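Below, each value reflects all heavy atoms present in this structure, side chains not excepted, and no hydrogens, waters or symmetry copies. Note on naming: letters A, B, ... go to the chains in the order of the sequence lines (proteins, then strands), and numbering restarts at 1 for each one. Everything numeric here is computed off the predicted structure, so don't read it as measured data.
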Amino acid sequence: MSPRRAASTGLVDRSQALRFTFDGRTYSGHPGDTLASALLANGITLVGRSFKYHRPRGIFTAGVDEPNALVTVLSGDGREPNIPATQIELYEGLEVESQNRFPSLEYDLGALGQLAGPLLSAGFYYKTFMGPVFGPLKGTRFWMICEHAIRRAAGLGRAGYEKDPARYEEMNAFCDVLVVGAGPAGLMAAEAAAKAGRRVILAEQEPKAGGSALWSGEMIGTRPAHQWAQAMAEKLAATENVRFLPRTTVWGYYDGNTLAALERVADRPSGTAKGLPRLRLWNIRAGKVVLATGSLERPVVFPGNDRPGVMLAGAAERYARQYGVLPGERIAVFTNNDGAYRAAAALRKAGAGVVAIVDVRPEISDAARALAQEAGVEPLLGHAVTGTAGKRLTRITIQRFDAATGRVSGDGRPVDVDCLAVSGGWSPTIHLASQAGGKPVWDEALHAFLPPSPMQPWVGAGAFAGAKTTVEALSTGRDAGLAAAGKKPSRARLPAVTAPALDPAPAPVLEIKAAGKAFVDLQNDVTAEDVRLAHREGFISVEHLKRYTTLGMATDQGKTSNLPGLAIMADARGLPIPEVGTTRFRPPFSPVSIGALAADRHRHFKPDRLTPMHDWHVGHGARMMEAGLWHRPMIYGQPGETVEQAYIREAAAVRRSVGICDVSTLGKIAVKGPDAAEFLDRVYTNTFSTLPIGKARYGLMLREDGIVLDDGTTWRLGAHDFLMTTTTANAGKVMQHLEYFLDAVWPHLKVHVTSVTDQWAGAAVAGPDARRVLEACVTGTGVDNVALPFMGIVHGRIAGAPVMICRLSFSGELAYEVYCGAGHGAHVWEALMDAGEPFAITPYGMEALGALRIEKGHVTGAEIDGRTTARDLYLDGMLSKKKPFIGSALMDRESLIDKNRLRLVGIVSLDGQPLGGGAHVVEKGSLDELGASIGHITAACYSPALERHIGLALVKGGKSRHGTRAFVSDPLRKRFGPVEIVSHHFYDPEGRRMHG
Amino acid sequence: MLIPCPHCGPRDVQEFSYQGDATRKRPDPASTDVHAWHAYVYDRPNPAGPHREYWQHIGGCRAHIVVERDTLSHEVLGAAFASDLSNQGGTRP
């Protein structure tokens, strides 16, 4: 048996031992323990070093509010830092280490920094680093070096570098009533809502339901409260319309009654939980929410209040009752309210010695007096603790204290103790209600903020709503559950509660002013003096106070420090606390692992888009690349070939004989209806109403602001029937563009647009032998120059499958796009490959496609970059003067027609070295000296036709620079060299080959 | 946030694509008044309170919906098909 394990109390399973290590040493605990309770059971009270001053720190709370006892959990090579020991369920083989200490927790060199303590007051960084530097260090980076060292010295745990092997999951859930918190109020609420037939989710952050019932020592009905709670939870969990989620923290309250919760499903090394995620993120949409989140105890602030051994009274009580652990052997209690007397009695009953009860109040209730008797001590009324001693607490100093004036008087009386249980009263846990909107309401009697009136459909219950006793918690809980279910409050009898009749009101004392460092925010090392300093320097609003001192900004978000901090500021300003105000709480309520937020979302249900010919490509050596969601062949590599060698071979084959390319990914939109032609005239810069049936036309679209949106060909298949093609990348954007105009602007136009990208498979057959390939396989139509002229469309069959063929060219060669139903795609592709065999037909990928289009000077997404106009791309010929079109009104604005804009040119490398996309074009400079940019290269390749490295570029002045020299400047890739600016029509500028 | 699509019912905001201010009026297509066009394309009020916006239900029926929303509380005050409320100004439809 561990030295500090109580003889008989507690809900842990003592029949089983669990081994764990802390800083390399092995200890043992039991199922039902937290790491914190197990450490205390082993007599370990020093568990960490503080953030700024490296002061020794211990376990301060027993729950989610823990500011001090942060540890790093190790698993294999992974490490997760800054986890409160109070929130780690003990398991066999748990390995943790303490943080922010060197070389060891016991002997920490960083603690020497305490000597510099007075320097490190609030605002130290601002004052030091934002101010001027004088003397010999003026103009140096002295302070920046200091800052680096200081930031290293301060801090929390260290994150790991290893990949996290754990799996995370996201879940969406819906319910009529979400009950947050499974204490007495939450359990009653869930039961009432469930009985009314509502779908209920009951979320509890602890592993066990019960809340305060687990450690109140009260009786509910005829049973101990924890047994009542367990029976309720079991009954609810077995109810069909209730989902009970233990270990689930509701951490965010968002619009539309959407709440975020984190479930610790198997928060331990994988292997013990095969197939289960470590954490599960819940998005819960609730009709109504019952907030039964209870309350959190706050400390009284006094000098030396941070030593290991000082903890909240409720926490000490909880260790004794729930875990059967004595947080000390000689315990003193320091309080401003009755609640701590119950803790004193509980500690005594569990076997600890209670050596003193120090109470700031001059009078106490009879119930408190009776509990003091149970604890075996006479309370010292009108006294306060004014100091402590010991690396681990060994002694406290007690002095007379007048609660009315806040003055300390008389000589200090030392008392030897190893634990001090402190209580400053309780604050409702209003975080979620505050997130949901509204201003908290001050309650003078409880000396605490109550939740705001609801801005969203939630109902409060229990201590959260200001209930002062368990009886009130039960009744407000049931009524809240009924209200959430749309029912009236019940008058049926509630179970009886046996509990001492304590006075719920604390004395309004949250700070004892005496000499020495008194900590408000234990995690961020903010002292009471820091708060007063902020006040003196004018940072008096709570928002400024928070940012200036970092009060409440740590991982615990000020759960224990919020109200004491406000009280000290209110005192300094001479105002009541509610007039000082409180900051609005924001999500998350408690820290959420990034892994859970990045949980596997299956790429947001975005598919991998594969063309019908995908398997063929992969089976024929294609190296695939992702283009948006599509997977497209980059090259069809042959053994031993580099990417460059492959695309040069492929592109050369297109120019020499014939190539074939999968163009199924082009966006295809069916535009149909009596007004389709009129609509296209408005959408495109050029005219489509004059396009004959059976012909295609190249079209250009602008945005409303006159910038180019997209280009592509549109085919007229019938009087009211067009097939629009878009670039692969812009298919979705163009579709939305069309839908916007049809919905919001011209709803009277009789036009319907449908995306048919996936319905058609497409193959481009390009090269001097392209027609011969088609002649060999197409039936039902001629494909000669008369039957199928440039931009003509015919319908026929290939290997029995119906096809539609349009003669158009992206490569500049004689070329055809062959379309068929997606289901025939692979079949038609293979037939074309067979027909092309005598001509050595060569499949080509994106790289060759890019090289061919650069040689032709065709623009694509790299040039249509959301900044270029039609004139910039020398496409002015496509701007109709006969009709208005989208963008026509704004495209001629002064700066859009400026002659010196970046305009499209060709670039030829003069030193035989490659050009890179994104490189700048400069008039002078060198590799080391950057010249002023006159533009940039948008796309580059080796041109097999020209046998040179070429590129397209957007350069100031465009055409006016043709024939001039410049340089490519690409410092990132260490490239500088001479280039010539030429026309972007590198190859066959007259287009003889494609018309041939 | 839930958006009440008049066609599909209340749906999560993630199914929608924000398409901007729905109080803008598009000038007559034949208009050459650059200021009017400029106002339509660029000028946006940023009201604190009720506001009308286009949301396209891209994950559903794809309709553009005019949603009236309070920018302070995110409360949705109403929703209607954009096609019932053409924003085309001028005489020529």
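- With a 4.5 angstrom heavy-atom cutoff, A/Tyr254 does not touch chain B via any of its atoms.
- Donor-acceptor pairing under 3.5 Å is recorded for the side chains of B/Tyr40 and A/Glu704.
- Looking at A/Arg703, neither its backbone nor its side chain comes within 4.5 Å of chain B, counting heavy atoms on both sides.
- There is no contact between A/Leu749 and chain B, counting heavy-atom distances below 4.5 Å.
- In terms of heavy-atom pairs under 4.5 Å with chain B, the best-connected choice from A/Gln456, A/Arg285, A/Met735 is A/Arg285.
- Distance CG/B/Asp12 to CG/A/Asn172: 7.5 Å, rounded to 0.5 Å.
- Proximity to chain A is limited to the side chain of B/Val41, based on heavy atoms less than 4.5 angstrom apart.
- In terms of heavy-atom proximity, B/Ile58 sits nearest to A/Gln736 at CG2-NE2, 3.5 Å.
- There is no contact between B/Ala22 and chain A, counting heavy-atom distances below 4.5 Å.
- No more than 12 heavy atoms of other residues, nucleotides or ligands sit less than 6.0 Å from atom NZ of A/Lys899.
- Counting heavy atoms from C-beta on, the side chains of B/Gln88 and A/His748 never come closer than 4.5 Å.
- Contacts between B/Phe81 and chain A at a heavy-atom distance below 4.5 Å are absent for every atom of the residue.
- In this structure, chain A has no heavy atom under 4.5 Å from any part of B/Asp84.
- Across A/Phe741 and B/Arg26, no two heavy atoms sit closer than the pair CE2-NE, 3.6 Å.
- The local environment of CZ in A/Arg867 is sparse, with at most 12 non-hydrogen atoms from other residues, nucleotides or ligands closer than 6.0 Å.
- Atoms CG and OG, from A/Asp743 and B/Ser86 in turn, are 10.5 Å apart once rounded to the nearest 0.5 Å.
- The environment of A/Lys883 atom NZ is dense: over 12 non-hydrogen atoms of other residues, nucleotides or ligands sit within 6.0 angstrom.
- For A/Met455, the CE atom counts as loosely surrounded, since its 6.0 Å shell holds 12 or fewer non-hydrogen atoms of other residues, nucleotides or ligands.
- Around atom CG of B/Asn46, no more than 12 heavy atoms belonging to other residues, nucleotides or ligands sit under 6.0 Å away.
- Comparing A/Gly256, A/Gly732, A/Ala889 by heavy-atom pairs within less than 4.5 Å of chain B, the highest count is held by A/Ala889.
- A donor-acceptor pair under 3.5 Å is absent between the side-chain atoms of A/Asp255 and the main chain of B/His74, judged by distance alone.
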